[in-house]
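Following: one structure in structure tokens, then a few remarks.
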Amino acid sequence: MTAAAGRLRRLKAPSALPGFGIAFGYTLVYLGLIVLLPLGVLIARASGIGISSLLAIALEPRVAAALRTSFGISLAAAVIDVVFGGLVAWVLSRYRFPGRNLLDAFVDLPFALPTAVAGISFAALYSTNGWLGGPLAALGIKVAFTPLGILVALVFVGLPFVVRTVEPLIGELERELEEASATLGASRLQTVWRVLIPPLVPALLTGMALAFARAVGEYGSVIFIAGNLPYVSEIAPLLIVVKLEEYDYAGAICIAAIMLAISFVILLAINLIQAWSRRRFGGV
Amino acid sequence: MVTPLPEQAPTDRGAGSDIRVAAIAKGFGNYPALHGVDLDIARGELVALLGPSGSGKTTLLRIIAGLERPDSGTVMFDGEDATGLRVQDRRVGLVFQHYALFRHMTVYGNVAYGLRVRARRRRPPRAVIRERVRSLLDLVQLAGFEDRYPAQLSGGQRQRVALARALAIEPKVLLLDEPFGALDAKVRKDLRRWLRDFHRASGLTTIFVTHDQDEAMEIADRVAVLNEGRIEQVGSPDDLYERPASPFVMSFIGETVAVEVVTRNGVARIGGQRINTALDGIGDGPSLLYLRPGEISITAPGPGTLAGRVGAIRRTAAGYRVEVAIDGLAAAIDVLAEKVEAKPGDRIGLALARTRLFPGELRSAS
């Protein structure tokens with residue numbers, strides 16, 4: 001018997017839950033057709049252009065600036081989402097207060113709202129004559145039509161990912177853990193830092209990866225508030241649209257391929273950290 | 001650390017604190033959990049808080065630990081008022097039913113936790129911590145398990161880690177909340193013996209909560225029986241069994257049979273049959289006679305016995321369980337006997353070795 005046949009047999013170990021074959025086959029077809037095929041086309045088109053011209057486009061100052069803006073601000077937004085999303089999840093799952101269900105429903109709004117609507121609201125709110133933009137402008141802080149505006153929009157769209165990933169795990173942390181920690185003499189801060197947060201780290205990282213991925217791909221809400229100044233507040237997805245409008249298909253494909261590569265590397269890195277933390281901090 | 005001390009009277013050789021609970025009341029919303037509970041626990045004593053669920057025993061333990069604040073009343077440690085003391089400052093070793101181990105820490109990390117979180121000037125040096133954790137793991141027979149995670153341990157092992165963790169801070173009192181409730185029978189038995197031995201060696205004041213009367217009677221020096229937020233009786237296991245202060249204690253500890261008695265003109269009668277019993281201040285009217293199945297014996301019918309008829313006879317591990325219908329009573333009672341000569345349907349007499357009369361009426365047919 002060949003080794004390959006042996007491996008195949010191991011894949012098909014008899015199970016009390018049949019359906020592995022059909023489920024696995026469906027998964028492969030689905031992933032291939034919906035996810036991998038379009039990406040494959042993108043890569044095929046990009047590889048037709050050649051590495052050197054790909055790099056040349058990536059190093060074009062305007063493109064490089066847009067990529068920096070997109071990835072830098074997305075990462076910052078994901079980190080902010082981890083902090084505030086974690087807090088929101090904690091409050092929602094630990095405390096019972098009037099209006100909790102309403103608040104719980106609000107968390108999902110960024111999922112449902114057309115992002116352009118959010119973008120327009122943000123622009124109105126943070127422009128110099130808006131409710132928040134006015135007072136902030138008096139303090140010398142300008143949000144609308146700056147990179148800060150992009151950050152606000154990206155924090156908004158990413159928040160529910162962190163909340164919904166972490167929430168179920170907080171529910172599993174028994175109150176007795178906190179009580180045990182307190183009887184052993186730990187202060188409240190030590191309890192939070194040493195007992196409560198470590199088991200949540202893998203979930204926080206998952207939430208962060210999702211929020212980051214969402215932020216990198218975000219388009220609708222950002223373009224309304226960003227101001228879209230080249231070299232300052234122009235995001236990579238917008239640049240792709242700009243290129244398309246100029247009928248520069250090769251340029252658009254190049255930027256897309258570069259975004260794909262960077263996203264893949266960053267998500268892989270987060271996944272590796274997450275796998276490590278899962279081993280380190282116990283199963284999730 | 002735990003050093004075995006020479007055998008002396010329990011009150012002299014104790015370690016830890018003496019604890020006095022005075023007039024503790026606590027309610028949750030409209031539900032009163034404890035009404036004015038008093039309890040004195042001597043230094044080095046092992047006391048069980050025994051009661052059914054909802055009796056307030058866990059609430060009392062949590063108040064002693066400082067996890068709940070009483071509505072009124074005081075908790076004293078060594079004569080000092082500790083009612084307002086924070087949990088962190090009470091130095092109590094608390095062990096939970098479901099262990100509450102920190103899953104992301106190794107066994108070592110769990111046991112060392114209470115020492116590591118101390119403020120720098122009170123924190124022992126690393127080598128001292130290592131030494132203490134090692135001796136505690138020896139004590140709970142888990143040497144060599146330092147690097148395991150709780151998920152890799154059995155229930156009994158986890159509970160022993162929890163015990164070691166609680167002892168690491170050299171607590172003034174060890175508090176155990178249903179410590180063996182989640183374990184299977186064999187492990188539970190071993191851990192009971194371990195706790196008993198540990199207590200004998202260390203003399204550390206220990207309070208544990210249980211709803212299992214066998215466990216309480218087997219381990220504790222004294223047992224406090226709680227019911228509906230009140231302490232019904234505090235006493236040695238012998239006291240509780242031999243001299244129960246209330247029908248609740250009588251029926252909660254050991255198997256009992258309750259029989260309706262009617263007293264008129266100072267004469268107690270069961271189903272019209274006169275019985276000899278001390279009335280203990282029970283006046284005319286209905287009352288309840290509590291009997292232990294082992295204290296009733298089957299004899300030939302005659303004077304001084306209760307006349308009745310044998311119903312079903314069932315084999316048990318130790319002997320027989322005989323159902324006897326006493327003449328004039330609606331419900332049959334169970335009698336335990338090693339040997340039975342009577343057959344179902346026979347007329348017999350019941351001799352009562354011991355009778356305890358309490359005021360009250362039979363509420364449900366049990």
Side-chain angles (χ1 to χ4, degrees), chain A residues 82 86 89-90 93-98 100 165-208 270-284, chain B residues 58 61-62 64-68 85-106 109-120 122-124 148-152 158 161-178 182:
Chain A
V82 164
W90 179 263
S93 50
R94 263 307 160 94
Y95 303 111
R96 291 290 166 268
F97 50 90
R100 196 187 75 90
T165 335
V166 180
E167 215 181 350
L169 272 124
I170 293 175
E172 278 177 24
L173 288 178
E174 307 98 334
R175 228 161 249 276
E176 291 182 347
L177 292 174
E178 296 170 56
E179 293 177 346
S181 174
T183 58
L184 292 168
S187 69
R188 188 64 194 155
L189 200 67
Q190 284 173 318
T191 301
V192 169
W193 199 244
R194 287 167 171 260
V195 172
L196 298 176
I197 290 184
L200 299 177
V201 166
L204 285 168
L205 283 174
T206 306
M208 183 176 144
I270 294 179
N271 266 307
L272 289 177
I273 298 172
Q274 199 194 329
W276 170 82
S277 69
R278 198 165 293 199
R279 273 198 306 279
R280 172 73 182 70
F281 298 126
V284 174
Chain B
T58 294
L61 191 83
R62 290 171 62 83
I64 295 172
L67 292 171
E68 304 279 355
L85 214 56
R86 296 188 317 150
V87 198
Q88 283 91 342
D89 303 326
R90 288 203 189 193
R91 278 201 27 225
V92 294
L94 186 55
V95 174
F96 295 90
Q97 178 176 4
H98 297 289
Y99 331 123
L101 292 180
F102 307 132
R103 279 183 294 246
H104 59 286
M105 294 182 202
T106 58
N110 269 282
V111 178
Y113 183 82
L115 301 173
R116 285 177 170 171
V117 295
R118 284 192 185 165
R120 188 159 294 135
R122 292 197 304 116
R123 191 188 308 151
R148 302 272 192 101
Y149 283 90
Q152 298 166 310
R158 286 181 208 186
V161 174
L163 277 160
R165 181 177 70 176
L167 293 171
I169 58 166
E170 293 177 313
K172 293 178 184 167
V173 55
L174 183 61
L175 304 173
L176 307 141
D177 186 4
E178 300 263 7

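Sequence lines set the chain letters: A, B, ... in the order given, protein chains first and strands last, and positions in each chain run from 1.
Partner A:Ser93 forms a side chain to side chain contact (heavy atoms under 4.5 Å, CB included) with one of A:Glu172, A:Arg100, A:Glu167 and no other, that one being A:Glu167.
Checking side-chain atoms of B:Asp177 against main-chain N and O of B:Phe96 turns up no donor-acceptor pair under 3.5 Å.
Atom CD1 of residue B:Ile169 and atom CZ of residue B:Arg118 lie 7.5 Å apart, to the nearest 0.5 angstrom. One distance of note links OG1 of A:Thr165 with CG of A:Leu204; it measures 8.5 Å at 0.5 Å rounding.
Only the side chain of A:Glu174 comes within less than 4.5 Å of a heavy atom in chain B; its backbone stays farther off. Heavy-atom distances place no part of A:Arg175 under 4.5 Å from chain B, backbone and side chain included. In this structure, chain B has a heavy atom under 4.5 Å from the backbone of A:Ser187, while its side chain stays farther away. Interface residue B:Arg62: only side-chain heavy atoms are found under 4.5 Å from chain A. Residue contact with chain A, scored on non-hydrogen atoms closer than 4.5 Å, is absent for B:Leu115.
Within the cation-pi definition used here (under 6.0 Å to the ring centroid, within 45° of the axis), B:Arg165 does not qualify as a partner of B:Tyr99.
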